[in-house]
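Structure, as structure tokens:
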Number of protein chains: 2
Amino acid sequence: MNKKPSLSLGFLEGLIGFRLRLAQIALFDDFERAMRPFDITPTRFGALSLIDANPGLSQMQLAKAIRLDRSTLVALLDHLEKRSLVQRRPSATDKRTNELRLTPEGRLLLGKLKRRVQEHEKRMFGKLPADERAQLARLLEAVSAMKTKQVIEI
Amino acid sequence: MNKKPSLSLGFLEGLIGFRLRLAQIALFDDFERAMRPFDITPTRFGALSLIDANPGLSQMQLAKAIRLDRSTLVALLDHLEKRSLVQRRPSATDKRTNELRLTPEGRLLLGKLKRRVQEHEKRMFGKLPADERAQLARLLEAVSAMKTKQVIEI
DNA sequence: CGGCATTAGTTTGAGGTCAAACAATTTAAC
DNA sequence: GTTAAATTGTTTGACCTCAAACTAATGCCG
């Protein structure tokens with residue numbers, strides 16, 4: 001009748017990277033569920049937010065900011081443009097680039113999404129005391145800032 | 001000469017979820033680089049570790065433990081089996097399931113990988129004082145433990 | 001026992017992601 | 001100023017992931 005032998009994590013037990021991956025999956029799961037009615041993923045939300053905060057930015061700038069390959073961004077923007085949330089406008093000064101802007105519909109939707117995302121963050125982190133939330137944010141930022149100096153060969 | 005206007009993060013600025021995603025990307029990047037000579041991804045490493053720690057487990061058990069869809073696991077195990085690192089052995093007691101085990105080569109490789117992963121963790125978290133690393137692990141675990149109680153409709 | 005729901009592994013299809021190759025444009029070098 | 005190098009957006013191909021449908025086997029329930 002023992003239904004949960006519950007596997008051993010073995011070596012994974014002590015790895016912060018593994019813990020972070022699990023947290024990421026839980027987070028994505030809740031986000032996805034909350035945004036399902038709008039068909040918005042974390043990546044799409046990030047793109048909308050950054051375009052909103054930096055109107056006129058280029059696809060390369062956006063791609064770097066959300067850590068997405070520029071080729072991946074093409075389909076994502078196609079999608080958002082098809083939904084009339086975003087507009088690609090050829091730059092007058094550099095004909096290689098597009099200037100990205102939210103449409104009025106895009107701004108309207110983003111407003112709703114922001115409220116949902118706040119609720120999502122509250123669900124996922126609201127149980128933690130404020131100082132621990134701040135600590136978590138600080139530590140995560142420190143990890144992101146770590147750059148690989150040098151890679152060991154074979 | 002200002003080469004870095006450096007976009008505003010806007011609404012993303014205050015989101016722990018966004019910070020966590022950036023940390024995850026940085027982590028994955030360093031991991032991937034360190035393991036490139038062995039063609040091992042975090043997911044593959046996780047699978048090898050769990051099989052090592054729980055010899056004879058089934059594909060479903062493994063899939064749940066590493067949060068992977070069972071259909072995804074099929075190709076992953078095909079790959080590891082083709083490399084003679086893992087063995088699928090049909091269970092005698094339940095003919096639906098396979099018992100998973102590492103081969104001697106698998107155990108040998110995993111040993112090397114563990115050392116690399118330790119170096120990787122040291123690179124990414126080593127700069128943090130030990131108590132902060134522990135705190136980070138604890139907080140991440142708390143986030144993973146958050147289960148969506150209920151989802152708001154439209 | 002006998003039939004039906006459940007479970008395990010697999011296959012297939014849709015979508016997200018990166019890397020490499022390409023054309024158009026801009027920048028740098030001479 | 002002309003030519004070579006770098007940059008931007010795009011397309012294509014490979015891979016990973018999930019979800020749904022399928023098959024074989026087990027468990028349940030009368």
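First the proteins, then the strands, lettered A, B, ... as listed; each starts at 1.
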Quiz item: D:dA14 P sits how many Å from A:D69 CG, rounded?
Solution: 17 Å
Exercise. Report yes or no: is there a donor-acceptor pair, N or O only, under 3.5 Å between the side chain of A:R96 and the base of C:dT26?
Key: no
Self-check item: Atom-to-atom span, CG of A:L76 to P of C:dG15 - whole angstrom
Solution: 14 Å
Quiz item: In whole Å, what is the span from the CG atom of A:L73 to the P atom of C:dC18?
Solution: 10 Å
Self-check item: Along DNA chain C (nearest heavy atom to each residue), the more 5'-positioned of A:H79 and B:T97
Solution: B:T97
Quiz item: When we call it a touch if two heavy atoms are under 4.0 Å apart, what does B:L68 touch: a base, just sugar-phosphate, or nothing?
Solution: sugar-phosphate
Quiz item: Counting side-chain heavy atoms from CB outward, which of C:dT17, D:dT11, D:dA25 is closest to B:K95?
Solution: D:dA25
Self-check item: Separation of C:dA19 C1' from B:R36 CZ (nearest whole Å)
Solution: 11 Å
Quiz item: So, the side chain of A:E132 versus the backbone of A:P129: is there a donor-acceptor pair under 3.5 Å, distance only?
Solution: no
Quiz prompt | Intermediate values then yes/no, salt bridge (Lys or Arg N to Asp or Glu O under 4.0 Å), B:D78 and B:K82 | solution = CA-CA 6 Å; B:D78 286 349; B:K82 198 155 301 175; over 6 Å; no
Exercise. May I ask you to decide if A:R88's main-chain N or O and A:E81's side chain share a donor-acceptor pair within less than 3.5 Å?
Key: yes
Exercise. Return the value, rounded to whole Å, for the distance between atom CD1 of B:I40 and atom P of D:dC16.
Key: 11 Å
Exercise. Report which part of the nucleic acid B:T72 touches: base, sugar-phosphate, or nothing (heavy-atom distance under 4.0 Å, all strands).
Key: base
Quiz item: How far apart are the closest heavy atoms of B:F31 and B:T41, and which atoms are they?
Solution: CE2-C, 3.6 Å
Practice problem: Specify the separation, in whole Å, of atom CG of A:L62 and atom P of D:dT8. | Solution: 13 Å
Quiz item: Would you say a side-chain N or O of A:T43 is under 4.0 Å from OP1 or OP2 of C:dT17?
Solution: yes
Self-check item: Residue met sooner reading DNA chain C from 5', once A:D94 and A:T41 are mapped to nucleotides
Solution: A:T41
Quiz item: Do B:E32 and B:R36 sit within salt-bridge range, that is, some charged N less than 4.0 Å from a carboxylate O?
Solution: yes
Quiz item: Near DNA chain C, which residues from residues 51-60 of chain B have a heavy atom under 4.0 Å away?
Solution: B:S58, B:Q59, B:M60
Quiz item: What's the CD-P distance between A:Q24 and C:dT17, to the nearest Å?
Solution: 11 Å
Quiz prompt | B:R70 side-chain N/O to C:dT11 phosphate OP1/OP2 under 4.0 Å | solution = no
Exercise. In whole angstrom, give the distance that lies between atom CZ of B:R88 and atom P of C:dG9.
Key: 9 Å
Quiz prompt | Residues A:D52 and A:K114 bridged, charged N to O under 4.0 Å | solution = yes
Quiz item: Judged by atom type as modelled, is there a donor-acceptor pair below 3.5 Å linking the side chain of A:S8 to the main-chain atoms of B:A53?
Solution: no
